[in-house]
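What follows is a set of notes on a single structure, which appears directly below.
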2 protein chains.
Amino acid sequence: MLKKERHDSIMRQINLHNRVLTSDLVQLLSVSEDTIRRDLQELAERDQLYKVHGGALSKSYQSSFDDSTVYAKDAKIIIAKKAISLIKDGMVILTGGGTTIIEMVKQLPENLHATFFTISPFVAIELANYPRVEVILIGGLFSKNSQVTYGGHVINQLSEINPDLCLLGTSALHPDDGLTDTDWEINQLKKTMLNCSKKTAVLCISEKLGISLRLKVAPITNIQYLITELPANDPQLDDYQIKSLQIL
Amino acid sequence: MLKKERHDSIMRQINLHNRVLTSDLVQLLSVSEDTIRRDLQELAERDQLYKVHGGALSKSYQSSFDDSTVYAKDAKIIIAKKAISLIKDGMVILTGGGTTIIEMVKQLPENLHATFFTISPFVAIELANYPRVEVILIGGLFSKNSQVTYGGHVINQLSEINPDLCLLGTSALHPDDGLTDTDWEINQLKKTMLNCSKKTAVLCISEKLGISLRLKVAPITNIQYLITELPANDPQLDDYQIKSLQIL
DNA sequence: CGGCTTTATGCGTGTTTGTGCGGTATTGTG
DNA sequence: CACAATACCGCACAAACACGCATAAAGCCG
């Protein structure tokens, strides 16, 4: 087995399970521990995973929990500013949840006049600070993990609205595989959000670029705007330079 | 389980609950007490949490500690304890918003198995900490003042459910005028909540007793339980000693 | 081809890390 | 003060790791 094949296999395992144990990989790939260790080290140097004693963890898993405190906050504020440039007075906007979106909401101009639909209670609470914004919280089952409402009831209600713009946080974005996720229900939800909206903007910190998870939400051609903290001409974004996608 | 995963798991617990007990974590993560203690120590050294005898507290506990600025908190905790005595495993419960209700939710037994409908995002977020509780957030317009959802859409959805118990915070309760309020929409909302439920409990700190506001929600005979921080035989409650109303 | 370097891998040895256990000290509470 | 719960300390041990070295395959070049 070639080194590259092994690396791919390891990355697949990681994206699938969010974690790998060195000992499991030894068995799976039938090579020595040292080899696996060297593999993980290399991949870690390339920032493709996060190495820990005993194995490795997915980067996206990583940042979804404790990082949201300080680490990526600056990046998220940059993203927020860019996203806000898409929002005009009088628009009807649908948002998902996640720290990136909440950061954006906090940066909105004081006197914005708009209508927001959201599936995230946190977003609703933040939006309540804006006197001229109408907030509609879409109700349904409340997800303990994602802290958004989900399930059939939410999907039904989404099918009754047609917002001008949908703002989505992301688990992963890949040039070929598009938008992907790990949770089936959230996956359905994102699909519906995307379909019911006239346009969709994806807010995505750069370290989630190039990653592909188990479940496919939508091809990249279904998205109109990609917002990252990088400048639009950054080489990391080269793979996303296609006609239908505007990069901010 | 990798150490880092354990740390993430602990941090998630803390961010949700604002506190963790060492003994709970031992069970949850199936490792020895020493290991948990070392974990907490490490996280404390990294300033990710605040270690105390018996467990740890969220660093931002101060922010939720500022709900010590919540008025009459001690009284509300007493009320909470009494209200919980009404809740049995398997019940379907509808709650309103307000600090009293939120305080109650925080005091719920760890392993409660129940279904909660709520119009308050805050309540939903708190309830999400309980693994065996199903949370349904009723969606609709989001009120900037009361921080609950309201309006026709909420009323419609309420008419489709029939919970065993409705828990209501109160603006005012009067022996003759019953439950009253000042806001027209919230008034409609409370009426509907009361009507759709099999039984209703009113959570009310004593100083709101004997007050009557502009808009009438319901006569006192429509309420089954009155919960205050006072003992049931307190003279202040004499006026409420009627057959249909049980005072806790 | 033969000699040379480069790259990838495995093995042996000593080190570090993570975890549990037993015993003892400390803390909180009635 | 007594008692239980919790914390701390040192030790033991296995698992994971780092490093140097040996080996072998692959690549390169005159």
Side-chain angles (χ1 to χ4, degrees), chain A residues 1-59 61-62 65-67, chain B residues 1-14 16-59 61-62 65 68 73-74 77-78 80-82 84 106-107 109-111 231:
Chain A
M1 156 123 26
L2 298 171
K3 193 165 81 151
K4 181 87 174 73
E5 292 181 288
R6 247 187 0 251
H7 285 191
D8 288 348
S9 179
I10 292 174
M11 286 314 294
R12 208 168 59 244
Q13 289 294 316
I14 281 224
N15 287 333
L16 223 57
H17 301 114
N18 276 328
R19 67 186 278 242
V20 279
L21 303 182
T22 311
S23 52
D24 286 355
L25 288 174
V26 168
Q27 291 214 1
L28 183 69
L29 305 173
S30 345
V31 286
S32 78
E33 264 187 24
D34 294 72
T35 304
I36 295 295
R37 210 164 283 126
R38 274 185 280 246
D39 286 342
L40 293 181
Q41 225 157 18
E42 256 182 80
L43 290 167
E45 272 163 30
R46 274 187 259 145
D47 272 350
Q48 302 204 43
L49 48 72
Y50 189 80
K51 180 138 183 28
V52 295
H53 191 97
L57 297 171
S58 152
K59 280 224 110 187
Y61 163 83
Q62 231 303 91
F65 288 116
D66 61 349
D67 271 9
Chain B
M1 160 104 55
L2 298 168
K3 191 169 80 152
K4 181 88 175 99
E5 291 183 293
R6 241 185 6 247
H7 285 188
D8 286 344
S9 182
I10 292 174
M11 285 315 294
R12 197 161 72 243
Q13 289 293 316
I14 280 222
L16 293 175
H17 270 82
N18 273 328
R19 66 183 255 265
V20 280
L21 303 182
T22 311
S23 51
D24 286 355
L25 289 174
V26 168
Q27 290 213 3
L28 183 68
L29 304 173
S30 344
V31 288
S32 78
E33 262 183 27
D34 295 73
T35 302
I36 294 294
R37 209 164 282 124
R38 273 186 281 245
D39 285 342
L40 294 180
Q41 225 156 16
E42 254 183 82
L43 291 168
E45 272 164 29
R46 276 188 258 144
D47 272 349
Q48 300 204 42
L49 48 72
Y50 190 75
K51 186 151 177 13
V52 295
H53 191 94
L57 299 173
S58 160
K59 278 234 115 185
Y61 185 61
Q62 283 101 19
F65 200 91
S68 74
K73 193 176 180 194
D74 291 344
I77 290 179
I78 297 174
K81 296 242 164 80
K82 292 186 189 173
I84 287 167
K106 286 184 180 165
Q107 310 282 332
E110 199 70 16
N111 265 322

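The model shown is predicted, which means the values in this text are computed figures rather than measured ones. Just so we're on the same page: letters track the sequence lines, and every chain starts at 1.
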Under 4.0 Å from any heavy atom of chain A: name the first and the last nucleotide of DNA chain D that qualifies, 5' to 3'. D:dA16 to D:dC19
Here the salt bridge (Lys or Arg N to Asp or Glu O under 4.0 Å) pairs for residues 12-26 of chain A, sequence neighbours left out, are A:Arg19-B:Glu5
If I take atom NZ in residue B:Lys3 and atom C1' in nucleotide C:dT16, what distance separates them, rounded to the nearest angstrom? 12 Å
Residues at least two apart in sequence or cross-chain that pass side-chain contact (heavy atoms from CB on, under 4.5 Å) with A:Lys3, listed by chain then number, are A:Arg6, A:His7, A:Asp39, A:Glu42
Contact pattern, 5' to 3', of nucleotides 20-30 of chain C - B, S or - by protein heavy atom under 4.0 Å: BBB----S---
To the nearest 0.5 Å, atom CG of B:Leu28 lies from atom OG of B:Ser9 at 5.5 Å
Holding to side-chain contact (heavy atoms from CB on, under 4.5 Å), I want the full list of residues that pass it with B:Ser23, two or more places apart in sequence or in another chain. B:Leu21
Separation between CG (A:Leu40) and CD1 (A:Ile14), nearest 0.5 Å, reads 7.0 Å
Could you list the residues that satisfy side chain to side chain donor-acceptor pair (under 3.5 Å) with B:Glu33, not counting sequence neighbours? B:Arg37
Nearest-0.5 Å distance, CG of residue B:Leu29 to CD1 of residue B:Ile10: 6.0 Å
Hits for side chain to side chain donor-acceptor pair (under 3.5 Å) against A:Asp8, two or more places apart or cross-chain, chain-then-number order -> A:Lys4
Nucleic acid contacts - residues 39-49 of chain A versus DNA chain D, non-hydrogen atoms under 4.0 Å: A:Gln41
Atom of B:Leu25, atom of B:Gln13 and distance for their closest heavy-atom approach: CD2-CG, 4.4 Å
Between C:dT19 atom C1' and B:Arg37 atom CZ, what is the distance in whole Å? 13 Å
What is the nucleic acid contact for A:Lys4, judged by heavy atoms within less than 4.0 Å: base, sugar-phosphate only, or nothing? nothing
Axis-to-axis angle across the helix from C:dC1-D:dG30 to C:dG30-D:dC1, five pairs each end, nearest 10 degrees, ~ 40°
Not counting sequence neighbours, which residues clear side-chain contact (heavy atoms from CB on, under 4.5 Å) with B:Gln27? List them please. none
Do the side chains of B:Met1 and B:Val31 get nearer than 4.5 Å, heavy atoms only? no
Can you confirm whether more than 12 heavy atoms, excluding those of A:Lys51, are under 6.0 Å from its NZ atom? yes
Go through the structure and list residues passing side chain to side chain donor-acceptor pair (under 3.5 Å) with A:Thr22, not counting sequence neighbours. none
Looking across every strand, which nucleic acid part, if any, lies under 4.0 Å from A:Val26 by heavy atom: base, sugar-phosphate, or nothing? nothing
